[in-house]
Amino acid sequence: MLRLIANRLIDAIPTIFLVLILVFVSLRILPGDPAQVALGDQATPEQLAVLREQLGLNAPLWQQFFTFVWSVVTLNFGNSLINGTPVNDLLAQNLPYTIELTLVATLIGLVVGVPMGVFAAVNRNRAPDNAARLYSLIGYAVPDFYLGALLLIVFSLNLGWFPINGGGDGFVDGLYHVLLPAITLAALKSAFMGRLTRTALLETLGKDYVRTARAKGASEARVLYRHGLRNALLPLTTGLGLSILATLSGAVAVELVFNRPGIGSLLINAIQQRDYPVIQAGVVVFAFFVVAINLLIDVAYVIIDPRIRVKQ
Amino acid sequence: MTDMVETAIAGPTELPPAEGSRWSALARILFGRPATIVATLIVVVFLLVAIFAPLIAPHDPLAQSALKINQDPSPDNWLGTDQFGRDVLSRLIYGSRNSMIFGLVSPTLAALIGTALGVVAGYFGGWIDRILSRIIDMLLAFPELLLAILIAAVLGGGFWNVVAVITVAFIPGFARVARASTLAVKQEPYVEAAIAVGVRTPVILLRHVIPNIASSVLVLLTLWTASAIRLEASLSFLGIGTQPPNPSWGNIIRDGLNNHFGSPWPIVGAGIAITIVVLAFNLIGDAVRDELDPELSQ
Amino acid sequence: MTTPLLKVENLSIEFGPKLRPLRAVDGVSFSIPAGGTVGLVGESGSGKSITSLAVLRLIPEPPGRIVSGRIEFEGKNLLEVPKKQMREIRGRDVAMIFQEPMSSLNPVMTIGDQIAEAIKLHEPLTSGGRRARVIELLQLVGMPDPAQRYGAYPHQFSGGMRQRVMIAMAVACNPKLLIADEPTTALDVTIQAQVLELMKSIRQRLGTAILLISHDLGIIAEVCERVIVMYAGKVLEEGDVRSIFRNPSHPYTQGLLNSIPRLGDDRQRLYQIAGSVPAPGALRQGCPFLARCPKRIDRCGAEMPPMFSFGPSHNAACWVTADVASAPVAGVAA
């Protein structure tokens, strides 16, 4: 099994490399002069030249690429063009908030979505199933930032139950701040996971081994969980991976809506201000997450499915 | 999103129906269930609104007025005005143009390019296939929005850039399905027979491969129109899509958020518009899928 | 006469919408004595599998409906027993094995755990005790190296081995009746023989009664004492094996036996029963075999024949062949 994991890791490397190439190439195409943007309109040509030299913009492209790769490997992303803060510090400040948001949203999404899916599957084509279907239909259609805006307006601004912005300090305050954004994201997640659970469960419940379990005298509950749901874990895990990735991208918009610190808002602001070092770092971080989550899902698959794990 | 997972793994479908019944299939799709009838109506209405926006909108969506800031709904401004004195309703109407264009144009472009890539990869195999598949898989690992953001980070906002961004975001999905379908069709006896008889490659591709993968691609196209509209709205909301002052439902919500105490109507109106249109396209997409690819539905 | 272990009386099962139902099983009656072996033979669509599923009440109720009849097990009508009691009977008193051992076993559970589950559901043993019993059972069914194989997964075994695991699971609690639905159909011929031998030896050692369902008369003849021939949901002939083979009394059974090619046959063409099995449909008036029967007369279409007696415990439902017989026999021979 360790060999399988190692294989997956090795497979991930070309992907990361390709991503780095794409990031590098695209940022160099970006119109606009980084030095100009950093120093503003008042800068003299000499100052611009000095900064360009500092930023290494005069070196041949392939050299710039290697410096870039090296900086990624050594996790040295330089300083923000806007205020000179080391990018690493910016990342360190913002990353935890995004991770917190993603985790809480995933948790809520699972806790709400999976039981809903089970309930829908068990009551197929009856009222609970149709209600769940309606929930999913609407959940797929409502944009996350819209839901966030509505929740913000109603619960934070009008009712004052939740904070208006920020990420909070400390554990409890952090939870208080993350709740509304997380619920926003969890709405779509639970719709998706609910649908997926229902589909996967209905499929496994139709299999022969479920009939065998009933023939052995197992209770419906046991059949549902030990035989049905347990086998549905396989497609559910893939779905969970996709869902986490979607949450990650949704977090970008939600962080903006709730004025919440995080990699997403960091990246968006950097894009608008043409803050290259931060943009580079943000993109690399996101790409890394994507690869990491895909890897985790692959590994989880190996653990869950003995057919992959044990071969003969 | 389940759709994307399911349809991305889709295999070959049956042959497309004969000419005559294609129309009856269309009728079945659009009018089969009460839900789809309503959905079709909604889509038609929004399309008409988008096309005839200049005729329908009561005011110029870009016209600002310092005198009429944040006014409540009135006979002159049905949904009131925003913080710049612009008529909310007109902005919503013009906003539909952007959403519909991106929703229809980009996925179609992506379908054309992506299918071409997928067919080439699937049919010719070899190193072309390996490289293309690698790139496709890598791009598919990213959620669409993230991919779009990353590309938009490079290109910035603006109309054509957004078209490009959304198109590129959907190309890998189409490519993968087209490739899988092509691989399956390639092994069909009649294709082998055609090759054996000496039919030239372009003819085989056009007459045998393409018609048979058409249904899978069509299913994806309708499903992803909804996604494209959502995507554009998200990008505009983030500020890297349609640039202000051009109205798009996404940036209307963004402006509205900065002005929520002034007027809730931009947010409410634009949000409902997005939800309804996306819902409608989703329903139609489901119906198309049920009709053309029954194995995928439950 | 002692009470039979299982007595099916006039069982009818329908599927589909209530207004236009498909009748899959129509007025089927038979019985199995304690320790006896009965074979249910028929082609696909004869309703034999559905009948066997009905004994354990495994027919999914939304599409399916048991319209009439009784299924008496040790005197109790299983169709009316409360669900909890039915669950106790399943696996403990009546067990079932199915046709496809690969899909009938849970792919993510070890075979040891699956067999142990059968025990755990009905008997209060410690986990150590269960494990020991599982190993015993694996030995009983001829699995090499049982202790090692406990932790293996179904996909690691061959088809024949998987079926042995199924058998081990079925007899784990020493059931009084084992229902085997086409247990060898998916297996190679040599493995088939092994599995059948295993079933016979289990019957000998544990005294289990067996209801064997198959489309293959040869297998039935190998294992069973009595045979019940089904067609399109009805019982057409029943009797003990020798009597049926020597003296098939229903044109359908005669057709079946004639279809088996034999060495030393000097026929030029294989014999075939003309036509094909009808799909389950609405209730029919006359004999279901009418369309394909070479001996049919007008009365066959108008009225379903009752069971006529052709021997001490040999009955067949046919107007034509029964001219030779004495009086009709009502009900089922024990």
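Order of the sequence lines fixes the chain letters, A, B, ..., with proteins taken first and strands second; residue numbering starts at 1 for each chain.
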Minimum-distance pair of heavy atoms, taken over all atoms of A/P143 and B/I274: CG-CG2, 3.4 Å

Proximity breakdown for B/L238 and chain A, heavy-atom pairs closer than 4.5 Å: both

Chain B contact via A/V257 - side chain, backbone, both or neither, heavy atoms under 4.5 Å: both

Polar side-chain atom of A/Y146 near backbone of B/G250 as donor-acceptor pair, under 3.5 Å: no

Atom pair OG/CG of A/S136 and B/N282 - distance to nearest 0.5 Å: 11.0 Å

Leading residue by heavy atom contact count with chain A [cutoff under 4.5 Å; candidates B/I272, B/I229, B/L139, B/I276]: B/I272

Structural part of B/A226 lying under 4.5 Å from a heavy atom of chain A: neither

Point-to-point distance, once rounded to the nearest 0.5 Å, from CG of B/L145 to CG of A/L245: 12.0 Å

Main-chain N/O of A/V142 paired to B/R230 side chain as donor or acceptor, under 3.5 Å: yes

Chain B contacts, top residue of A/V291, A/V252, A/I293 (heavy-atom pairs, under 4.5 Å): A/V252

A/I153 CD1 to B/L257 CG distance, which is reported to the nearest 0.5 Å: 6.5 Å

Trace of the side-chain contact (heavy atoms from CB on, under 4.5 Å) decision for A/Y140 with B/V278: CA-CA 8 Å; A/Y140 281 151; B/V278 168; 6.0 Å; no

Contact check, side chains of A/L137 and B/L283, non-hydrogen atoms, under 4.5 Å: yes

